[in-house]
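Here's the structure we're looking at; comments come further down.
Everything quoted here is computed from the prediction, not taken from an experiment. Every chain is numbered from 1 and lettered A, B, ... according to where its sequence line falls, protein lines coming before strand lines.
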Number of protein chains: 2
Amino acid sequence: MSTQRSDARRNYQRILEVAEAEVAAHGADASLEQIARTAGVGSATVRRHFPTRQALLTAVFRERIEHLIAYADGLRTADDSRAALLDWLRTLLDYAVSARGLADALTYEPPTDRPAPHSCGTTLESAGAPLLARAVHDKTVNPDVTPHDLITLTVGIALATEHHASPTTEATHLLHLLTTGLIPAPGA
Amino acid sequence: MSTQRSDARRNYQRILEVAEAEVAAHGADASLEQIARTAGVGSATVRRHFPTRQALLTAVFRERIEHLIAYADGLRTADDSRAALLDWLRTLLDYAVSARGLADALTYEPPTDRPAPHSCGTTLESAGAPLLARAVHDKTVNPDVTPHDLITLTVGIALATEHHASPTTEATHLLHLLTTGLIPAPGA
DNA sequence: CACGAAACGGCGGGGCCCGCCGTTTACCGT
DNA sequence: ACGGTAAACGGCGGGCCCCGCCGTTTCGTG
């Protein structure tokens, strides 16, 4: 079926498994050579399957991204559009904070990204878009907020808290501030 | 005066100058060896003056940090405490976005940072604290916002927009969203 | 079973960071 | 003015990493 040879497919899987562990342990800049070594393949093979580090990260996080997309889909029919959006953002942030390297992977989209319109970030944005649109339609969210803004802000929180003492608690706190507004408009 | 030898002082300055340029060009992970090379010193000398990369970055950004602190001081007596805080945040963000590496330097405070209570981030936080306190006192800002939150959120925006198409415009937009509130409380 | 192409992986080059250690250089006291 | 000493220097080698090349193995197929 797949135009790929069987050993190639096997190596691909093996590398991916090892990469998941390694990225979880060392973050987005885990050593490719180390991955190759513990996967029992040459480092060239790793780069053959994943030409760029970003490609590897995308593959590593694919499952989680899809999970997030599915979650967003489920939330589309929720009663309270505002709560749904909040819920999704919290989940997204939780993922970004707990999965080392995810946030970094999400920031690195655009070095002339023509042939990758379904890379991590873009798909996430289109998954969040309906939730956002509905919330905007219900007047609970400012209309000049774009899906892109959602992702970027969340990723930003994750990145900024990454090296702190207790990232999770701090991140949730910051998300709260973000949603509620740091310095509301004067008429408050 | 200084217990330091004259050549040491000279090298220190020279390295610092080169480092500024190099960091401006290549961000927080500029090559230390490259800096040493164009400064005309051995790489060991660089590490002798700046034991860690973070130390070098701190020195590189010292001026700007102090400028920000001075600006905050000037704003302490402004008429409108809310506007003052906003003004400072905007300036801070502007610095963080335009000076490559600054944001990264600000996230990396705490690997058991005992003897460095006046590292970039900490001093910035104490500079912002009075502005924040006054704004809180005037009821224009939620009281559970800490100075640390201010810095972290701003840095987060800078980090997340760093690799995007037009960081500055996007960053200011995001700051606007942040201050005004992404998803205000239900009673809106 | 044999053959062609796909896939592999070892090797060398270049770079970076780091620590060691012999050498130079500035300072100070005589 | 000068010599001694400690501070400061910088070259070198080791370890790790990423990258590209290219001869070799291995899979799939006719």
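Spacing between atom CZ of Arg10(B) and atom C1' of dA26(C) amounts to 10 Å, rounded to whole angstrom units. Counting to the nearest Å, the C1' atom of dC27(D) and the OH atom of Tyr12(A) are 20 Å from each other. Taking atom NE2 of His26(A) as the reference point, atom P of dC18(D) lies 12 Å away to the nearest angstrom. Atom pair Asp29(A):CG and dC17(C):P shows a separation of 14 Å (rounding to whole Å applied). Regarding Ile35(A), its CD1 atom lies at a distance of 8 Å from the P atom of dC18(D), rounded to whole Å. Residue Arg9(B) contributes atom CZ, which lies 13 Å from atom C1' of dA8(D) at whole-angstrom precision. Atoms CD (Glu22(B)) and P (dC17(C)) sit 11 Å apart, rounded to a whole Å.
Atoms CD and CG, from Glu162(B) and Asp104(B) in turn, are 5.5 Å apart once rounded to the nearest 0.5 Å. Distance check, rounded to the nearest 0.5 Å: CG of Leu124(A) to CZ of Phe61(A) gives 12.0 Å.
Close to dC17(D), at under 4.0 Å from its OP1 or OP2, lies a side-chain N or O of Arg37(A). Under 4.0 angstrom from either OP1 or OP2 of dC16(C) there lies at least one side-chain N or O belonging to Ser31(B). For Arg47(A), no side-chain nitrogen or oxygen approaches OP1 or OP2 of dC18(D) to under 4.0 Å. For Ser6(B), a side-chain nitrogen or oxygen approaches OP1 or OP2 of dC27(C) to under 4.0 Å. Arg53(A) has a side-chain polar atom (N or O) that falls below the 4.0 Å cut-off from OP1 or OP2 of dC18(D). In terms of phosphate contacts, Asn11(A) brings no side-chain nitrogen or oxygen within less than 4.0 Å of OP1 or OP2 of dA7(C). For the OP1/OP2 pair of dA7(C) and a distance below 4.0 Å, the side-chain nitrogens and oxygens of His49(A) include no atom meeting the criterion.
Ring pair His67(A)/Tyr95(A) is parallel by interplanar angle, where below 30° counts as parallel and above 60° as perpendicular.
When all heavy atoms of Leu75(B) and Arg134(B) are compared, the closest pair comes out as O-NH2, 3.9 Å. Across Leu57(A) and Val23(A), no two heavy atoms sit closer than the pair CD2-CG2, 4.0 Å.
Of the candidate nucleotides dC27(D), dC19(D), dA26(C), dC19(D) has the atom nearest to the side chain of Leu32(A).
The shortest distance between side-chain heavy atoms of Asp149(A) and His173(B) falls below 4.5 Å. Residues Leu102(B) and Ile65(B) form a side-chain contact, since some pair of their non-hydrogen atoms from C-beta on lies under 4.5 Å apart.
Residue contacts for Ala44(A): at a heavy-atom cut-off of 4.0 Å it reaches a base atom on one of the strands shown.
Within 3.5 Å, no donor on the side chain of Arg48(A) pairs with an acceptor on the base of dG20(D), nor the reverse.
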Please list, pair by pair, any protein nitrogen or oxygen found under 3.5 Å from a nitrogen or oxygen in nucleotides 3-7 of chain D.
from: dA7(D); atom 1: N3; to: Arg5(B); atom 2: NH1; distance (Å): 2.4

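Within the structure, ring-ring contact (aromatic ring centres under 6.0 Å, His included) pairs that include any residue of residues 120-157 of chain B comprise His164(A)-His148(B) (at least two apart or interchain).
Residue-to-nucleotide proximity on DNA chain C shows that, of Ser43(B) and Glu33(A), the 5′-proximal contact is made by Glu33(A).
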